[in-house]
> 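Submitted below is the structure of interest, expressed as structure tokens.
Nothing here was measured: the structure is a model prediction, and the numbers come from that model.
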Amino acid sequence: MQATLTLRPGLLDRQALRALHRGGVALVIDPAAWPAVQASAAVVQAAAAGDAPVYGVNTGFGKLASTRIQASDLAALQRNLIRSHSVGVGAPLPAPVLRLMLALKAASLARGASGVRPLVIETLLAVANAGLVPWVPSQGSVGASGDLAPLAHMTLALLGEGEFLRPDGSRQPAAQALQQAGIAPLRLAAKEGLALINGTQVSTALALHALLEFEPVLASALVVGALTVDAARGSDGPFDPRIHALRGQPGQIAVAACYRELLAGSAIRASHRQGDDRVQDPYCLRCQPQVVGACLDQLRHAARVLVCEANAVTDNPLVLDDGRMLSGGNFHAEPVALAADGMALAIAEVGAIAERRIAMLIDASVSRLPPFLTADAGLNSGFMIAHVTAAALASENKSLAHPASVDSLPTSANQEDHVSMATFAARRLGAMIDNTRHILAIEWLAAAQGIDFLRPLASSPVLERAHALLRAACPAMPTDRYLAPDIAHAAALLQGGALADLLQDCPGLPALWQDSA
């Protein structure tokens, strides 16, 4: 039986967002929200019947806001708005993003400040609960007057004029899909088209999707990084809590605590406490708490911003508690753009320091392991070119990490003269996460190979489980072999959360979503 999730407008927390992203729940709106929805709809209906010009109700849009629309044309005005704004291009948005988008739009409208009828919200929920996925192209929004083009494609499907995606990826006419699901196509009243396409729900859903997708990758980076410390016979001294307390950065403190737990009980480390003439490890080993901890803090900040934005009312104009309608700019997605840019930097840095750890492991002069992690270097190249792949991915992430929010191209004949670029800022995170995941997959293979050279000594219990998890899919590489499948296997394990799951019993596991609810 399908579980029910009650959307409490303005009170969505990380657990609700995670459930919306995962899917498989039936959505209902908290009954307490309906009176405010009905009251705001009455305000809009009264404005539509009145003589005073009200933006988006009886006027044109953007630069055409001074153009008055006749009462007989108000329904056509909203319908034409959706048709004219459905101009997106590119690959469709993935299903988890669309699930979030539908739910976030419904929850925002249910705050009772948008002036839509309950029918609009009920149609959004009906589509979500039927498992219908609108066909929404991923490109075409600058994140300024809301995510206009992608939200217009979503709304066009609600009207029965757009398309839905079948499970096999093919496109189905919306009228047909709605009929099969027993859902009547939505007919828009005054302001409702504008309320549906104004807002930051697409960029917010994309950024939340990235945050949820990166969570197991970040946890995996801690495990793989610790395994590399042991493979290189590095010191656990840099993880001493007294060092990190003196700086006081919360992410750094949490990551150092996690490394201490991951390395606890390692026979490899114990065997080298005496007689090792190295004074200090390379930065890629000893500065992991400082680097990954700073990334954790950046992601925690992004989580707080995105949870706030998921609960926000971001269309225009808005119906206030006193019954007045005011125009503003809540649709401008700058908070999401800056949060996504911060996430991009964090994702890139997690991959960048992992690439440096791979480079260290294959350099015999630093790691004191066989060159390129192969016993017969020269005849075998070992991990030489696997590292090149990691370097290529890290370099690609550097380009993708360039802040999107610093760019702004004025649109709508300079009416919308500063835009956030939030939608691209959030959308590019998916490619960056995939790159970082593959860098970590290569490091995991390299670190496991390094551990194999140190046998019969064992690493810590948790890290031995990480080693065994990999070896169950990817055996050791005593001589060169076709390595691309191993990288793919390791990356799939990372994506599925198998490595991150090893940290569930680790009390020092840093919580990405801390203080974000």
Side-chain angles (χ1 to χ4, degrees), residues 220-240 258-282 284-286 288 354 357-384 386-387 440-481 483 485-487 489-490 493-494 498-503 505-506 508:
S220 300
L222 298 174
V223 180
V224 173
L227 192 66
T228 296
V229 170
D230 245 13
R233 289 163 287 187
S235 172
D236 55 3
F239 309 131
D240 189 298
C258 190
Y259 277 114
R260 289 196 301 274
E261 292 197 35
L262 285 168
L263 290 162
S266 169
I268 293 173
R269 180 61 205 138
S271 71
H272 291 85
R273 289 186 187 278
Q274 303 295 328
D276 195 322
D277 60 356
R278 290 175 292 186
V279 177
Q280 291 190 129
D281 293 329
C284 66
L285 296 182
R286 62 183 161 110
Q288 289 186 78
R357 292 193 297 263
I358 300 167
M360 180 274 304
L361 284 172
I362 65 173
D363 185 344
S365 66
V366 181
S367 68
R368 301 188 182 184
L369 293 166
F372 301 106
L373 299 172
T374 186
D376 193 1
L379 177 61
N380 295 287
S381 295
F383 282 79
M384 180 190 296
H387 167 250
L440 288 167
I442 293 168
E443 185 191 357
W444 191 8
L445 289 162
Q449 186 89 345
I451 294 292
D452 290 337
F453 281 116
L454 303 179
R455 296 304 190 204
L457 294 173
S459 186
S460 71
V462 175
L463 296 181
E464 283 295 330
R465 287 163 60 197
H467 183 277
L469 177 65
L470 181 68
R471 284 288 174 256
C474 307
M477 194 174 75
T479 59
D480 286 351
R481 67 163 184 266
L483 194 52
D486 287 12
I487 297 172
H489 283 312
L493 288 169
L494 288 169
L499 194 54
D501 287 344
L502 297 180
L503 283 181
D505 297 329
C506 177

> Looking at every heavy atom in both Asp452 and Ala476, which two are closest together, and how far apart are they?
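Of all heavy-atom pairs spanning Asp452 and Ala476, the closest is OD2-CB, 3.4 Å.
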> If I take atom CG from residue Leu369 and atom CG from residue Leu454, how far apart are they, to the nearest 0.5 angstrom?
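Taking CG in Leu369 and CG in Leu454, the distance rounds to 6.0 Å.
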> Using side-chain heavy atoms (C-beta onward) and a distance below 4.5 Å, is Glu261 in contact with Leu503?
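A side-chain contact is absent here, since even the closest heavy-atom pair is not under 4.5 Å.
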> Under 3.5 Å, is there a donor-acceptor pair linking the side chains of Ser235 and Asp281?
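Result is no, nothing qualifies.
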> Quick one: closest heavy-atom pair of Ala448 and Leu470, and the distance?
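Answer, listing the atom of Ala448 first, then Leu470: CB-CD2, 3.6 Å.
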> Side chains of Ile362 and Ser367: does their closest heavy-atom pair fall under 4.5 Å?
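No, their side chains stay 4.5 Å or more apart.
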> Could you point out which residue of Thr228, Leu493, Ile358 forms a side-chain contact (heavy atoms from CB on, under 4.5 Å) with Trp444?
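It is Leu493, the one option of Thr228, Leu493, Ile358 that forms the side-chain contact (heavy atoms from CB on, under 4.5 Å) with Trp444.
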> Examine Phe239 together with Tyr259 and report whether their ring centres are nearer than 6.0 Å.
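Here the rings of Tyr259 and Phe239 have centres that are less than 6.0 Å from each other.
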> If we only count heavy atoms from C-beta on, is the Ser381 to Thr374 side-chain gap below 4.5 Å?
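Ser381 does not reach Thr374 side chain to side chain.
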> What is the distance from atom CG of Leu440 to atom CG of Leu494, rounded to the nearest 0.5 Å?
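The CG atom of Leu440 sits 6.0 Å away from the CG atom of Leu494.
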> Could you grab the distance from atom CG of Leu373 to atom CG of Leu445, nearest 0.5 Å is fine?
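Between Leu373 CG and Leu445 CG, I get 10.5 Å after rounding to 0.5 Å.
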> Could you check whether any side-chain heavy atom of Ser459 comes within less than 4.5 Å of a side-chain heavy atom of Asp230, counting everything from C-beta outward?
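Yes, side chains in contact.
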> Answer yes or no: is there a side-chain heavy-atom contact under 4.5 Å between Leu483 and Phe383?
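In short, these two side chains touch, coming nearer than 4.5 Å.
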> Please name the pair of heavy atoms, one in Glu443 and one in Ala354, separated by the smallest distance, quoted to 0.1 Å.
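Taking every non-hydrogen atom into account, OE1-CB, 3.4 Å.
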> How far does SG of Cys474 sit from CD of Gln449, to the nearest 0.5 angstrom?
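Nearest 0.5 Å value for the SG-CD distance: 11.5 Å.
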> Distance check, rounded to the nearest 0.5 Å: Ser266 atom OG versus Ile451 atom CD1?
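Reported value, rounded in 0.5 Å steps: 7.0 Å.
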> Minimum heavy-atom separation for Met360 to Cys284, with atom names?
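So the two residues come closest at CB-SG, 4.0 Å.
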> Hey, does Ile268 have a side-chain heavy atom less than 4.5 Å from the side chain of Arg233?
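Of all side-chain heavy-atom pairs linking Ile268 with Arg233, at least one is under 4.5 Å.
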> Where is the tightest heavy-atom contact between Ser220 and Leu499, given as atom of each residue plus distance?
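Looking at all heavy atoms of both residues, the shortest contact is OG-CB, 3.7 Å.
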> How close do Val366 and Pro282 get, counting heavy atoms only, and between which atoms?
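Shortest heavy-atom contact: CG1-CG, 3.6 Å.
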> Is it true that Arg481 and Asp486 have a side-chain N and a carboxylate O under 4.0 angstrom from each other?
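So Arg481 pairs with Asp486 through a salt bridge.
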> We want to know whether Asn380 and Thr479 form a side-chain donor-acceptor pair, criterion being a heavy-atom distance below 3.5 angstrom.
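Their side chains do not contain a donor-acceptor pair, so the 3.5 Å distance test is not met.
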> With rounding to the nearest 0.5 angstrom, report the CG to CZ distance, Asp236 to Arg260.
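If we round to the nearest 0.5 Å, Asp236:CG and Arg260:CZ are 10.0 Å apart.
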